Enquirer: 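Dumping the structure here so I can ask a few things about it.
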Amino acid sequence: MRDLTVIPTQLLAWYDRHARVLPWRVPAGHGPADPYRVWLSEVMLQQTTVAAVKSYFQRFTSLWPTVHDLAAAEDAQVMAEWAGLGYYARARNLIACARAVSAMGAFPTTREGLAALPGIGPYTSAAIAAIAFDQPETVVDGNVERVVARLFAVQTALPAAKPELVTLATSLTPSQRPGDFAQAMMDLGATICSPRNPACGICPINDDCAARAQGIAADLPRKAPKKPKPLRHGTVWIGFADERVLVETRPEKGLLGGTLAFPSTGWDGSALPPPAPADWQAIGLVRHVFTHFALDLTVMTAWLTAAPERGSLTPLSKFRPTALPGLMRKAWVLARPATTVVPDQQR
DNA sequence: AACACGGGGAC
DNA sequence: GTCCCAGTGTT
């Protein structure tokens, strides 16, 4: 059996020299991490790239420096600030979690206690416990799965391989500096042990890597084939009246749940009528790709003369397109190009 | 175990 | 175009 204890030692030494500098990260030896900032960053980073999260994290921590500030915020403002980041259940759970933690007084310090909170699952609970509370929990995200699958040349395909990868990752986790070890594994996966072309030549643990020895690092982890995305169709209505536009808050459950939106049909065959009787005109088509389907959305506009049956008319002076999710921003750009297109700098 | 759930960056 | 990202909750 290989001596696994050298791996965390080598990885931590590499991390001390090459750790990424990130807004939510406290450099090793510079005091404890703030559980609120660790939690907020981890939730934002769920299935989301570091580059996409940075500006959102800065904005949130500027608006709400503590979990109590966030707990006291209005739902609509938090949803508006989350707009564009995707997976909106995270924002709804973020609000619920902040209020639960604020009511408790502070974040729980154990993985079990953390995992009982909304939006905190196996990954995030382990990450907060290890990074903020220095507990020897094993943190397994997509990076760690890839690093471990290669290190041990695991041939089982994901997601079936997940339990095996968790067991192997656990066998590596040191009792000292577990939080730094977790972040070191993720940094390694994000920078050197990358999905397509791993830079094995400069990897701090390449001597221990079974996949590299076999020349199959780039082929791991194996993945189950994914299903094709069907194309669906829908219609969105953007109605104007005076200097106002018709918007609604989408239902809490389902796609884009809880976000600001223009009234629309469903896109799974359900046929809702327009939100108001009017002379609706199709002005174009927006194509948007979601996680499990693509959508062709017909954008219709009209001047409203009768009271709408759903939604509410919001003054354009108060309407911020940045509060819309990506799909609805696209529709808005089509409907009001003069207000959203960057001025032509060529002329 | 399978599915629902966004958006964008890298190739 | 494809892949996949510091995953979670529901069925």
Side-chain angles (χ1 to χ4, degrees), chain A residues 19-20 22-25 33 37-57 79 82-94 96-97 114-132 137-147 157-163 166 169 179 181-191 193-197 218 221 223-230 232 250-259 261 267-268 287-295 324-330:
Chain A
R20 288 178 291 176
L22 301 172
W24 46 86
R25 183 175 278 178
R37 293 168 64 88
V38 174
W39 163 72
L40 180 61
S41 65
E42 293 298 346
V43 173
M44 287 182 166
L45 287 160
Q46 289 166 6
Q47 293 292 288
T48 308
T49 56
V50 165
V53 164
K54 280 182 178 172
S55 63
Y56 283 86
F57 180 82
M79 295 305 296
W82 194 276
L85 198 54
Y87 283 150
Y88 297 94
R90 293 185 296 173
R92 302 193 301 273
N93 285 329
L94 191 82
C97 184
L114 290 160
L117 292 163
I120 301 184
Y123 163 78
T124 306
S125 58
I128 300 171
I131 297 169
E137 300 289 355
T138 299
V139 179
V140 182
D141 72 334
N143 289 306
V144 176
E145 287 179 353
R146 184 170 55 255
V147 170
L158 286 167
K162 176 96 179 180
V166 169
F181 175 75
Q183 294 178 93
M185 289 283 279
M186 294 189 281
D187 275 21
L188 187 73
T191 60
C193 197
S194 52
R196 306 268 182 114
N197 295 322
K223 302 232 172 178
K226 47 190 56 177
K227 295 173 54 177
K229 293 179 180 182
R232 296 181 182 170
R250 292 178 60 83
E252 290 286 308
K253 300 215 170 194
L255 196 74
L256 307 177
T259 63
W267 12 82
D268 47 10
R287 175 161 290 184
H288 195 74
V289 179
F290 291 102
T291 309
H292 54 294
F293 68 95
L295 175 66
L324 298 168
L327 170 67
M328 295 294 165
R329 285 186 202 179
K330 287 185 185 176

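Since the model is a prediction, treat every value here as computed from it, not as a measurement. Every chain is numbered from 1, with letters handed out A, B, ... down the list of sequences.
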Enquirer: OP1 or OP2 of C/dC4 sitting under 4.0 Å from any side-chain N/O of A/Arg196?
Expert: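 A/Arg196 to C/dC4 OP1/OP2: no side-chain N or O under 4.0 Å.
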Enquirer: Considering only side-chain heavy atoms of A/Leu327, which listed nucleotide, C/dG7, B/dG7, C/dA6, is closest?
Expert: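 For A/Leu327, the side-chain atoms sit closest to B/dG7.
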Enquirer: Would you mind telling me which residue lines up with the more 5' stretch of DNA chain B, A/Lys330 or A/Gly254, judged by nearest nucleotide?
Expert: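 Nearest-nucleotide comparison on DNA chain B picks A/Gly254.
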Enquirer: Compare side-chain N and O positions of A/Lys223 against OP1 and OP2 of C/dC3 and report whether any pair is under 4.0 Å apart.
Expert: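 Looking at the OP1 and OP2 atoms of C/dC3, neither is under 4.0 Å from any side-chain N or O of A/Lys223.
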Enquirer: Which residue lies toward the 5' end of DNA chain B, A/Asn197 or A/Thr49, if each is placed at its nearest nucleotide?
Expert: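 The residue mapped nearer the 5' terminus is A/Thr49.
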Enquirer: Output yes when at least one side-chain N/O atom of A/His288 is less than 4.0 Å from OP1 or OP2 of B/dG6, else no.
Expert: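 A/His288 to B/dG6 OP1/OP2: no side-chain N or O under 4.0 Å.
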Enquirer: What's the gap between B/dC5 and C/dA6 when it is taken at their P atoms, as a whole Å value?
Expert: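 So the two P atoms sit 23 Å from each other.
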Enquirer: OP1 or OP2 of C/dT8 less than 4.0 angstrom from a side-chain nitrogen or oxygen of A/Thr124, does that happen here?
Expert: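 Affirmative; the distance criterion is met.
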Enquirer: Report which part of the nucleic acid A/Arg25 touches: base, sugar-phosphate, or nothing (heavy-atom distance under 4.0 Å, all strands).
Expert: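 Base contact.
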Enquirer: If the cut-off is 4.0 Å, is A/Tyr87 near the phosphate of C/dG9, judged by side-chain N/O to OP1 or OP2?
Expert: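 Answer no for this pair, as no side-chain N or O of A/Tyr87 is under 4.0 Å from OP1 or OP2.
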Enquirer: Quick check: on DNA chain C, is the nucleotide nearest A/Ser125 upstream (toward 5') of the one nearest A/Arg146, or the reverse? Name the residue that is more 5'.
Expert: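 Result: A/Arg146.
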Enquirer: Whether A/His292 contacts B/dC5 is assessed here as follows: a side-chain N or O lying under 4.0 Å from the phosphate OP1 or OP2. Is that the case?
Expert: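 So the side-chain polar atoms of A/His292 do come within 4.0 Å of the phosphate oxygens OP1 or OP2 of B/dC5, strictly under.
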Enquirer: Mind checking if A/Gly84 touches a base, just sugar-phosphate, or nothing, with heavy atoms under 4.0 Å?
Expert: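 Sugar-phosphate, backbone atoms only, no base.
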Enquirer: Looking at C/dG7, I'd like to know if its phosphate oxygens (OP1 or OP2) sit under 4.0 Å from a side-chain N or O belonging to A/Gln46.
Expert: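 The answer is no; no side-chain N or O of A/Gln46 sits under 4.0 Å from OP1 or OP2.
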Enquirer: Checking A/Arg25 against A/Gln183: is there a side-chain donor and acceptor pair closer than 3.5 Å?
Expert: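 Note: A/Gln183 and A/Arg25 side chains meet the donor-acceptor criterion.
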Enquirer: Measure from the side chain of A/Leu255, starting at C-beta and using heavy atoms only, and say which of B/dG6, C/dA6, C/dC4 lies closest.
Expert: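 Output: B/dG6.
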Enquirer: Name the nucleic acid region contacted by A/Leu85, choosing base, sugar-phosphate or nothing; use a 4.0 angstrom heavy-atom cut-off, strictly under.
Expert: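 A/Leu85: base contact, heavy atoms under 4.0 Å.
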Enquirer: Please state the P separation for the pair C/dT10 and B/dG6 - nearest whole angstrom.
Expert: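 Comparing P positions in C/dT10 and B/dG6 gives a spacing of 14 Å.
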Enquirer: Quick check: does any side chain N or O of A/Ser194 sit under 3.5 Å from a backbone N or O of A/Thr191, one acting as donor and the other as acceptor?
Expert: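 No; judged by distance alone, with no hydrogens or angles, the pair does not exist.
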Enquirer: NA contact type, A/Pro159, heavy-atom cut-off 4.0 Å: base, sugar-phosphate, or nothing?
Expert: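 No contact.
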Enquirer: Give one of base, sugar-phosphate or nothing for A/Trp24, where a contact means two heavy atoms less than 4.0 Å apart.
Expert: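 Since a base atom lies under 4.0 Å of A/Trp24, the category is base.
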Enquirer: Answer with yes or no whether A/Thr291 presents, from its side chain, a donor or acceptor under 3.5 Å of a partner atom in the base of B/dG7.
Expert: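 Between B/dG7 and A/Thr291, which were checked side chain against base, a qualifying N/O pair under 3.5 Å is absent.
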